[in-house]
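Here, residue 1 is the first one in the sequence, and each next residue gets the next number.
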Amino acid sequence: MKKTIVVIGAGPGLGYGVAKKFGKEGYFVILVARNQESLVKMSDELNMENIDNTFAIGDSSEDKKFKEVLEGIKSEFGTPDVVVYNVGITAPDPENLTTEDLVYHFKTDVAGAWTTIEVFTNDEFATKKGAIIFTGGGLALYPADGFIPLSIDKAALRSMAYILNNKFKEKGIFVGTVTVCGSINGDKYFSADNIAEMYWQMNEKRDKVEYAYEYPEVAPSKFYEDQKVKYGIFEENSGKFWGEVYKILADHNKQ
């Protein structure tokens, strides 16, 4: 019997890359996202790769409806073996960020992850030695003005991964996070397919709570420290810091 992966936040970038990787390894793939048109297209593309799949429409910002979607998946297809929570509102902040904006981001990026944990971490998931993997980001480590909600949310997801990994490990459930320190599909190295390999390795090895996807030849700690000195991470121009990070990382292989 095939194992099953649920990819929540299945867009045409990393979400699709993860779905394709696990599908090629023999998993039945269930895609979850808000956009039906995009889901249909991705499902068709997976079919062309001879990957068994289906999809469900779900919005992590809609608490009760989202939980019903996940419960429906579990009821119809059984408890999955792997769940990837790949949700994050990555657009720059509006000029006048409001409390409502902050709450909406948090519900989408973080509370939805907690709902996912609530639904899937049952006894059967433990028996299957199930895994839940979050998509993290460099903003969890280096927060920036201009990306305030995303900085807060990625830090919260990272904390959640560490806490829940410790909480569930005795039951045999793995919780981890892949921290992507760059722009997905910004260049060949940061292609979605390459990053997806790290999700597969994390699921197979389960040796660390956090994997960081970064350029091996760029020492990230020194790189970020250099940029911090240059721009002042917690000063008024800290948003420029993160913009420079993305610019340098995206241009890296072109040098």
How about [X] and [Y]: do any of their side-chain heavy atoms sit closer than 4.5 Å?
X	Y	result
K74	F120	yes
N35	L39	no
W200	Y27	yes
F168	T121	yes
D81	F125	no
S60	Y85	yes
T179	K154	no
V175	F134	yes

- Message: Can you confirm if the aromatic rings of Y199 and F22 lie within a centre distance of less than 6.0 Å?
- Response: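 They do not qualify: ring centres at least 6.0 Å apart.
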Pair K65 + E68, salt bridge at N-O below 4.0 Å: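 Looking at K65 and E68, the cut-off is not met.
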- Message: Check this for me, if you would: do E37 and K41 make a salt bridge, where the nitrogen-to-carboxylate-oxygen distance has to be below 4.0 angstrom?
- Response: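 Salt bridge between E37 and K41, a charged N being under 4.0 Å from a carboxylate O: no.
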So which heavy atom on [X] is nearest to which on [Y], and how close?
X	Y	value
M160	V110	CE-CG1, 3.7 Å
A126	I173	CA-CG1, 3.7 Å
E49	Y16	CG-OH, 4.4 Å

**Prompt:** Are I5 and V18 close enough, and set up right, to give a side chain to side chain contact (heavy atoms under 4.5 Å, CB included), and what steps lead you there?
**Reply:** CA-CA 10 Å; I5 181 171; V18 171; 4.1 Å; yes
Practice task
Test side chain to side chain contact (heavy atoms under 4.5 Å, CB included) on D63 and T115 and set out the steps.
Solution key: CA-CA 8 Å; D63 306 337; T115 300; 5.6 Å; no
message = Is there a continuous path of hydrophobic side-chain contacts, each under 4.5 Å between heavy atoms, that joins L164 to V6?
response =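 Cluster IDs for L164 and V6 match.
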Between D193 and K21, is the salt bridge (Lys or Arg N to Asp or Glu O under 4.0 Å) condition met? List the steps. CA-CA 7 Å; D193 287 346; K21 172 60 183 176; over 6 Å; no
- Message: Please evaluate residues V84 and I8 with respect to the criterion side chain to side chain contact (heavy atoms under 4.5 Å, CB included), reporting the C-alpha separation (whole Å), side-chain torsions for both, the decisive distance (0.1 Å), and the verdict.
- Response: CA-CA 6 Å; V84 170; I8 301 169; over 6 Å; no
Evaluate the criterion side chain to side chain contact (heavy atoms under 4.5 Å, CB included) for residue pair I117 and I132; output intermediate values, then yes/no.
CA-CA 8 Å; I117 293 288; I132 294 180; 3.5 Å; yes
Determine whether the side chains of [X] and [Y] contain a donor N or O and an acceptor N or O closer than 3.5 Å.
X	Y	value
Y211	T177	no
S43	N53	yes
S61	D59	yes

